[in-house]
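Written below as structure tokens is the structure these notes are about.
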Amino acid sequence: MRNVRNFCIIAHIDHGKSTLADRLIQHCGGIELRDFRDQVLDSMDIERERGITIKSNSITLDYVADDGESYTLNLIDTPGHVDFSHEVRRSLMACDGALIIVDASQGVEAQTVANLYIALEYDLELLSIINKIDLPAADVERVREEIDADLGLDPFDAIPISAKNGIGIDLVLEGIIKHLPAPVGDPTAPVTALVFDAQYDAYRGVVLSCRIRDGVLRTGDRVRFMHTGREYEVHELGLNRIEREPTKMLSAGDVGYIITGIKTVQDVSIGDTLTVVSNPAPEPLAGYQPAKPVVFSSIYPMSSDEYPDLIAAMEKLSLNDAALVYQKDASAALGFGFRCGFLGLLHLDVIQERLKREFELSLILSAPSVLYKVTLRNGERVDIDNPANWPEPNEIELVEEPYIRASILVPEEHMGSAITLCQSNRAASMETKFLAKGRMELISIMPLAEVLFEFYDRLKSTTRGYGSLDYEELDYRPSNIVKVDMMVHHERVDALAFLVHEDKARPRATHYAEQLAKNIPRHQFKIPVQGAIGSNIIARSTINAFRKDVTAKCYGGDISRKRKLLEKQKKGKDRMKLVGSVQIPQEAFVSVLRTDQQ
Amino acid sequence: VTAGLYLHVPFCSAVCPYCDFAVRVAGPDERQRLVDALIEEIRRAKSWSVPISTIYFGGGTPSLLTADQLATVLDVARTSLPIEPDAVLHMEVNPEDICALSGSTPIADNRQLSRIGIAGDGPLSRKEIADNAPISGSGPLDAWRDLGVKFLSLGVQSFDDRELKWLGRRHTGEMAKDAVARALASGIPTVSVDLIYGLPRQTQGQLDVSLDALASLAPQHASLYQLTIAPGTSFGRRFERGKLKPIDEDTEAALFAHVHERLSAQGLHAYEVSNFATGDAHRSLHNQKYWAHVPYLGVGPSAHSFDGQRRWWNIRDSRQYVTAVEAGDAVMDADEELTSEDLALERLMLGLRTIDGVDTARFKSDFDVDLKVVNKQVIADLVTRNYLDASQAQLKPTRPGMAVADWLAGQFELS
């Protein structure tokens, strides 16, 4: 155990986390140079493209140090986004130390500070790395000062490197050996193993990633998830190298994989503790929090004949995404689909992207919603995340909505605009803190629902990309929430209904009405597009009747072209959704709903 | 059933910014090579068997060819193709080509030509413009009349100088009036004035400048096209860059109605969406072939042909076309075999553009679909809304129906 190091890498986005991970893997011979694919740990296309890591992964490396001894290094990758804070926390729990990367030209960034706090919560030993020292704008001395001042770490331990060019990688490895602690644990105690990740493998079923705290786990052991109580037999265990490498046992301090024949990740509670049934531990490991969805949206296929494909895709995605919850849903306007729960907006975005790219589906998503707690006049309490289930206003005694404690880190000069942004998003209270030279934290108690609509984009744009947002759910507070229906030619379009604070109902309904009016083609009659709370119209737009639709010139050369155009229009008509007597094209739904997602 | 013969002359003294036809600026040598190529293509078309009752010189600017060149092409066509002795000859001309030879001077100069953006060889020199002077002698109108032209279509586009400038035309309103007057006096039986309307921000009052001139000149025929901003044109590129905002739909519709009402009041009756004549005798017999869905043979670059089942079209680029002909290669760019459904849809959409409408009996005998039975409810609905007149054997668009003829064609079930 003395020769094991379990660590992760903490970095602001683009500061070079994946590149450093790749270099460490390469340096330790974890992969042949000719097989080397940049950014090995990020397996999904979306992760590569956005430069973010979504699923945790770990890899075991062998390293012979300058002291002549052989070490086992377990590098545990962590997601870098607020939606996945549960996963970050679980991954950090599996580590004993962390490398904290600072960009030599950009210095300490807000997210670095935020993640540092989390790492400190878990008592991780930290080693700072100054990356990108080869850049012309690199200022290593200034960054050392920031590491001292902003992060409170010893600036003289900081290791200057260029991960991209492979400079200083050996120093990092030696630093890991010298500065990061070996795991502590009792191999003779009953087994406790932290499950920090689960991946679905088409041939083996679910593969768990575990950190063994105490005891020794062997193939054939019968294990129990201490929170859910489910029991399984260990079919295989071993180390996560580039390929899985089976071993006979995993003992205290080890990080590895376990295969138990679980069929879907929905059956696994990430963060749960595994113990051996024959000699169980008395208590599970501390810090378990089940992931729960906080953002809800309905997903419909653009064309109803894609529904069977959507069913298959959702089943496949959920095999590997325990946080994704969904159930069947039907809309009069959009047909069959799924009501889904997500960890946050990014999670929703990732799922949408994967459905689009991996399964080639075209989708329409309803406006995201949070979970409201509604007390009815008759005393009954109901949880509602879907406008379709919203009670009649006269039945409602009280509505409560989830509030968050948002932590926004911004450079000092952008604090004003961050405050204005929070104010316009119903912040209940705000508090500011100076962190270090020019950096401030704004703590805003505000409704989660407000963060769902364009908040993050606006924060980014008003702070020139420097603002970062992290949040934790706080509590539920009474609120004046209303359901807004959108009506096209006096027919309610169920998929367009949304739940919103009364103060925001009119501007959003107006925006919806304008977008719809712009994207629904003219008909032979005038079409009112309205937003309404109950029978009270709060927004209105009009689509004029068309009066002219004819090509000016139609001669020999144009006839084929014009016929094809007409055929295309006829086909397009089949793909439109008929609401009452109005044909609504997909673009009209997308124009309204997409705006909200971005 | 008789067919039409279309001959494409792809040359212009400059390319107008709205034009998406196959046109280019070229000198006398290239024009002669094109004439030779047209002749060769006509000779190759010997297998065409449908009698031809109309001939149409279109472009481009056919008035850029000399009377001798036009006559040679016609002679070869008459000997090689089944052209009826009394076939009606149509021709498109530009006003400045009449004025230039009548003593007026075209306003085109290098600066203007290059501003408009000429495709092909770049701006013409003054000498080249002078060389453009097509027909010498007693005047082009007499020459064309003697050639047998019965329908002369003048590309006036507008009688308003500001609009003409914006449209990149090389004549003024006065020149256009002079040209129309001369054409009317020439003895050619039908003179058509072609106008473009629906320019961005155009008001009814502005349009009336041209409609007033039209009324006072009183030609036998007029074609009024709404400006179409086509991709690949100078206007199209301006539109893509957000530099050109098309007229809004409501104003365009109002102008359309205004044009139809005004022209009707002055005795020019719409027989198609964009075409008006003082009487049936002055309709464009050639263009009616397209809307009647009968065969036509197209000769020249980009020209389309149709034999009732199949449509094919020539290489669009005129230099490539000429090169192919000279090398003895085929000039066809592509073709399309039309299914019965394709043909039925075309018949419907073309018929609904014209005042004569869709002949349901002919439709039934050709496609075995009784429109009035299959679309009983649709027709009843369209009649109630005053888009359609179904009181006779034909389905005829009303005036509001003509304004939405494309949409109208999409409402019918064809099987």
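Just so it is clear: chains get the letters A, B, ... in the order the sequence lines come, proteins before strands, and each one is counted from 1.
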From A:S560 OG over to B:F306 CZ, what is the distance, rounded to the nearest 0.5 angstrom? 8.5 Å

Taking the basic N atoms (NZ, or NE/NH1/NH2) and the acidic carboxylate oxygens, is any pair closer than 4.0 Å for A:R547 and B:E249? no

Heavy-atom contact with chain A under 4.5 Å, split by part of B:Y6: neither

Can you name the one residue among B:Y296, B:W291, B:Y56, B:F21 that meets ring-ring contact (aromatic ring centres under 6.0 Å, His included) with A:Y555? B:W291

Roughly how far apart are A:L565 CG and B:M349 CE, rounded to 0.5 Å? 9.5 Å

Top contributor to chain A interface from B:A253, B:A257, B:A403 [non-hydrogen pairs under 4.5 Å]: B:A403

Quick check on A:R464: does its CZ atom have over 12 non-hydrogen neighbours (other residues, nucleotides or ligands) under 6.0 Å away? no

Part of A:K562 within contact of chain B (heavy atom distance under 4.5 Å): both

Reported CG-to-CG distance for the pair A:L566 and B:D406, which is rounded to 0.5 angstrom: 7.0 Å

Honestly, the part of B:L338 sitting under 4.5 Å from a heavy atom of chain A is side chain

Under 4.5 Å from any heavy atom of chain A - which part of B:N275: side chain

Measuring from B:L350:CG to A:D558:CG, what's the distance to the nearest 0.5 Å? 10.5 Å

Closer than 4.0 angstrom, basic N to acidic O: yes or no for A:R563 and B:E336? yes

Closest contact, heavy atoms only, B:A405 versus A:V550: CB-CG2, 3.6 Å

Identify every side-chain donor-acceptor pair in residues 523-531 of chain A under 3.5 Å, counting partners at least two apart or on other chains, and give the distances.
residue: A:H523; atom: ND1; partner: A:P521; partner atom: O; Å: 2.9
residue: A:H523; atom: NE2; partner: A:Q583; partner atom: N; Å: 2.9

Nearest 0.5 Å please: distance from the CZ atom of B:R353 over to the NZ atom of A:K553. 11.5 Å

Sequence neighbours left out, what passes salt bridge (Lys or Arg N to Asp or Glu O under 4.0 Å) with A:K548? Give chain and number order. B:E252

Checking B:F412 against chain A: side chain, backbone, both or neither under 4.5 Å from a heavy atom? backbone

